[in-house]
Amino acid sequence: MSLGKLLERILQLLPVLLGVSLIVFAMMALTPGDPVQIMIGDQSVTPEQEAALRRDLGLDRPIHERFFLFVTDAVRGDFGESFYHRRPVADVIAERLPATIELSLVALIVALATAIPLGVLAAIRKNSVLDRLATVGSLLGVSLPGFWFGILLMMLFAVHLQILPVSGRIGYSSEIVPITGFLLVDTLLRGNLSAFWDALSHIILPAITLGLPMTAILMRVTRTSMLEVLRQDYVTFAEAKGLSRRRVLFRHALKNALIPTVSVAAIETGSLLGGNMIVETVFGWPGLGRLVVESIFLRNYPLVQAAVLFYAVTYVLLNFAADLLYTALNPRVKL
Amino acid sequence: MSAPPAPALLVPEAPQKAESIFHRNLATFAANRLAMASAVVVVLFVLMAVLAPFVAPHDPNETDLFRRMQPPAWLPGGEWSYALGCDALGRDILSRIIYGARISIFIGTAVILVATSIGILAGLASGYLRGWVDVVISRIVDILLGFPYLIFAIGLMAMMGPGLWNIILALAYKEWVIPCRVVRGETLVTRELEYVEAARALGASRWHIMLREILPNILSPVIVVSTIRMAHVIILEASLSFLGLGVQPPTASWGSMVADGRAFILEAWWVSTFPGLAILLLVLAINVASQGLRDAFDPRFQE
């Protein structure tokens, strides 16, 4: 893709991002209930103090000015103050973000590491028992409600077999001073292997739960595209040349078969964002998703608003990246 | 000299053919035993929901602290009149699952009906009228696609507050985008076909062409997509209820029942397990049945 095309695509993103901000703004602005009253709660304040607070929040201005302020502030990373934490919303979000990113990345790795081998095997042994099991498994994978699957895993591995912890991110005894905020990385950087295993054992069940729907989808995509590739002339030709089956499969077929898998994985990474709220709630994972759910019940609206905007913008950018990746991997797609 | 015999008039066979395609598709679907069985399961769930007051053994909200976390019938301490056991307030889990089906199925159906109606109108207008209508609708679609579904719904629920109608609104606000895109795509192709051209030449109005000429011919992919989406909507509703943002207690909904049981997984696994199983069964049945529908009715999936 030429630089011009890339710039054009980036420019096309702007109206979408603006529209997304408008909706997030409207969600808050049009909601019944006065944010100032919510902030004040049951404290006693004079009408002057209330008016001052209203002015500080910009609530006395006309609505289009408030939207303009909201967008310009958001671009500068200023989302106001969290009612509950009495700190800037951006700081609170930044603090919780590494836990969510770490969980999402491990879920992505789990999904890819399960889906690709299973999908390839199912394609090579088409109509075998394994293929059918994989088909049934992928159907189950998209039909299982994530919150329930998480609880089942918890009951089996944490309560019944007691081989994995029930919830949280790391045991009290293994807590370390964070460096990057990613515990799996930090424990290794600190050379604390037992803490690393502790963190790993905490992340396994949430990551499997979060990655399950993605695993199901990627497995199907891999199977279909592998079957497609195995029918191609160049694979028959490679076999006719007398290359070993293994070499044909891994050197020739797999490389091309994985293009759709990678593209779909990139798109589905965005869908992990929504799953985070559920999985973090089930497993008491101290990430952004759980913070949002808690904030809703605390009526901590500035945080909810900022987080919804953050999720949406991330989602748009991830989809954009997925699109670019797809274009880069598929020379046939000219945009 | 007699004139050469007139060529036999071509009898228009189109209506008859269309009917036979429909019947053939229906027969294809009926021959798919797994899909048929799943459709039967879905129908049974619907009947269970509709007839809940007659089939539920107990009042779903009747608490009995002596039956607190009573196990299912086949475990020691269980009894068959409370077949799936009781929850932490001593309410009969089976009855609550039966009543919970009403919430899941009602919300699923309502959201899909509202979203599909809006999606069809917006998609037809966008694909047939083109121009600024298309630009505006497509921009709105792009923006709504910029939100992860659950987060959009959670954001709306946080602002609107929980409740049955708010869930339907929160989900329908985004769901219509999906039928809209399908309808727009199909309309773009169909509007160029000769019979639409003919209707235009005969002076048919835009609305007549969109609703009477185009819509009937693109309806089957829309129906197929709607049934597939129904499964998603049911899971989303259950997720919202699980988070406490859905239907409020004491109304039984499957998602909130799973959430209720979370605190007791050590001593009473059945409280969370059975409602979740109900969600899985219904969603799985809808998924399998709708795949059967797709294979039978969508020409792109026919050999």
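Convention: sequence-line order gives letters A, B, ...; per-chain numbering from 1.
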How long is the span from the [atom1] atom in [X] to the [atom2] atom in [Y], to the nearest 0.5 Å?
X: A:Y315; Y: B:F152; atom1: OH; atom2: CZ; value: 12.5 Å
X: B:L145; Y: A:N319; atom1: CG; atom2: CG; value: 8.5 Å
X: A:L140; Y: B:L280; atom1: CG; atom2: CG; value: 6.0 Å
X: B:L240; Y: A:M277; atom1: CG; atom2: CE; value: 10.5 Å
X: A:I23; Y: B:Y173; atom1: CD1; atom2: OH; value: 10.5 Å
X: A:I296; Y: B:M157; atom1: CD1; atom2: CE; value: 9.5 Å

Should we count CH2 of B:W74 as having more than 12 external heavy atoms under 6.0 Å?
-> yes
Atom CZ of A:R96 with >12 non-hydrogen neighbours under 6.0 angstrom = yes
Ignoring hydrogens, what is the shortest heavy-atom contact between [X] and [Y]? Give both atom names and the distance.
X: B:G155; Y: A:M27; value: C-SD, 4.0 Å
X: A:P145; Y: B:G276; value: CG-O, 4.4 Å
X: A:A312; Y: B:P148; value: CA-CD, 4.1 Å

Can you check whether B:Y149 reaches A:L273 side chain to side chain, under 4.5 Å on heavy atoms?
-> no
Heavy-atom pairs under 4.5 Å with chain A, option from [options] with the top count:
options: B:L282, B:L277, B:I286, B:L281; answer: B:L277
options: B:I154, B:L266, B:T273; answer: B:T273
options: B:G255, B:P275, B:A153, B:S239; answer: B:S239
options: B:L144, B:I140, B:D142, B:L284; answer: B:L284

Between [X] and chain A, with a heavy-atom cut-off of 4.5 Å, which part of the residue counts as in contact: side chain, backbone, both or neither?
X: B:N287; value: side chain
X: B:I143; value: both
X: B:F242; value: side chain

B:V258 backbone acceptor or donor facing A:W148 side chain under 3.5 Å = no
Contact leader toward chain B among A:N276, A:V20, A:L22, where contacts are heavy-atom pairs under 4.5 Å = A:V20
Choice from A:V142, A:L17, A:V282 maximising heavy atom contacts with chain B below 4.5 Å | A:V282
Side chain, backbone, both or neither: which part of [X] has a non-hydrogen atom closer than 4.5 Å to chain B?
X: A:V293; value: side chain
X: A:V308; value: both
X: A:F297; value: side chain

Residues from residues 150-162 of chain A approaching chain B under 4.5 Å (heavy atoms) = A:I151, A:L152, A:M154, A:M155, A:V159
Who in residues 225-236 of chain B is close to chain A, using a strict under-4.5 Å heavy-atom cut-off?
-> B:I235
